[in-house]
Amino acid sequence: MINLILFGPPGSGKGTQAAHLVERYGLVHISTGDLFRQEIGNGTPLGKEAQAYISRGELVPDHITIGMLRNKVEAHPEAHGFIFDGFPRTIPQAEALDRLMAEEGAAIHLLIALEVEDEEIVRRIKGRAAISGRADDANESIIRNRIAVYKNETAPVFDYYARQGKSHRVNGIGSIEEIFQRLCIIIDPLVEPGESAPA
Ligand code: UDP
Ligand code: MG
């Protein structure tokens with residue numbers, strides 16, 4: 001049982017690595033960005049509200065994001081643990097997540113930050129825009145706003161979990177497999193023997 005926050009700026013590879021981690025550790029992956037895009041795609045009131053913020057590269061307000069996240073966690077009582085991808089993005093979100101985990105008799109064990117510098121992020125996100133079809137990926141000034149929001153509002157979450165001795169940094173430059181190995185070196189010691197499925 002391990003609950004993990006995959007952290008890092010937009011375009012740092014969180015979604016890509018989360019998919020590999022799910023396979024190895026059997027965790028439930030929750031990406032709040034993906035959840036918002038589903039809500040938008042389904043034309044729900046929540047989606048409509050979130051869309052306005054996302055289109056500007058701003059954060060959706062905490063109460064909306066936290067409520068959506070809580071519903072998703074509560075929908076998976078069978079989970080052996082979660083990978084939180086793109087959440088928490090603010091200190092109040094981190095505090096809410098810790099409370100939610102405590103209510104479930106669980107805790108966050110680990111935060112791993114993928115480190116990638118700004119110009120590489122801009123390059124990657126522009127490159128994926130054609131595939132992702134995301135309007136917030138296609139516009140450089142929105143990408144740069146997302147990076148600024150990350151630095152101002154989200155980066156303090158690293159320090160919040162560092163004070164609990166839970167934060168780690170990983171170089172996010174390299175092949176997908178190389179970066180995956182860097183993550184496994186940190187996670188494996190926290191997974192009980194027999195619980196993991198080594199590749
Ligand atoms: N977003 C948000 N809170 C979240 C997740 C996403 O406000 O918890 C919004 C925010 O506007 C962000 C956008 O959704 O820029 C896309 O987020 P996602 O994590 O999918 O993309 P990434 O930042 O990883 O490129
Ligand atoms: Mg993502």
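Source: prediction; values computed, not measured. Just so you know, ligand 1 is whichever comes first in the structure, and atom 1 is the first atom listed for that ligand.
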| query | In the hydrophobic clustering that connects Ile, Leu, Val, Met, Phe, Trp and Tyr at side-chain heavy-atom distances below 4.5 Å, which members other than Val116 occupy its cluster, ordered by chain and number? | reply |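 Members other than Val116 - counting any ILVMFWY side chain reachable under 4.5 Å - are Ile121, Val122, Ile125, Ile143, Ile147, Ile173.
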| request: If a pair satisfies side-chain hydrogen bond (donor to acceptor under 3.5 Å, both in side chains) and one of its residues is in residues 101-113, list it, with sequence neighbours excluded. | output: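 Checked against side-chain hydrogen bond (donor to acceptor under 3.5 Å, both in side chains) - neighbours excluded - the pairs reaching residues 101-113 are Arg70-Glu103.
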| request: Sort and list the pairs that fulfil ring-ring contact (aromatic ring centres under 6.0 Å, His included) and have at least one residue in residues 137-164, not counting sequence neighbours. | output: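 Passing the test, one end in residues 137-164: Phe7-Tyr150.
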| said: Can you confirm whether Leu110 sits close enough to Ile112 that some side-chain heavy atom of one is under 4.5 Å from a side-chain heavy atom of the other? | reply: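 Counting from C-beta outward, Leu110 and Ile112 do come under 4.5 Å.
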| field | Modelled atom types, side-chain donor and acceptor of Gln164 and Asp98, under 3.5 Å | value |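 Note: Gln164 and Asp98 side chains meet the donor-acceptor criterion.
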| said: Can you work out which protein residues put a heavy atom within less than 4.0 Å of ligand 1? | reply: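 Around ligand 1, where the cutoff is 4.0 Å for heavy atoms, the contacting residues are Pro10, Gly11, Lys14, Thr32, Gly33, Phe36, Arg37, Ile54, Glu58, Leu59, Val60, Thr65, Gly86, Arg89, Arg128, Arg134, Asp136, Arg146.
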| field | Ion pair Asp137/Arg146, N-O distance below 4.0 Å | value |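 Judged by the 4.0 Å cut-off on N to carboxylate O distance, Asp137 and Arg146 do form a salt bridge.
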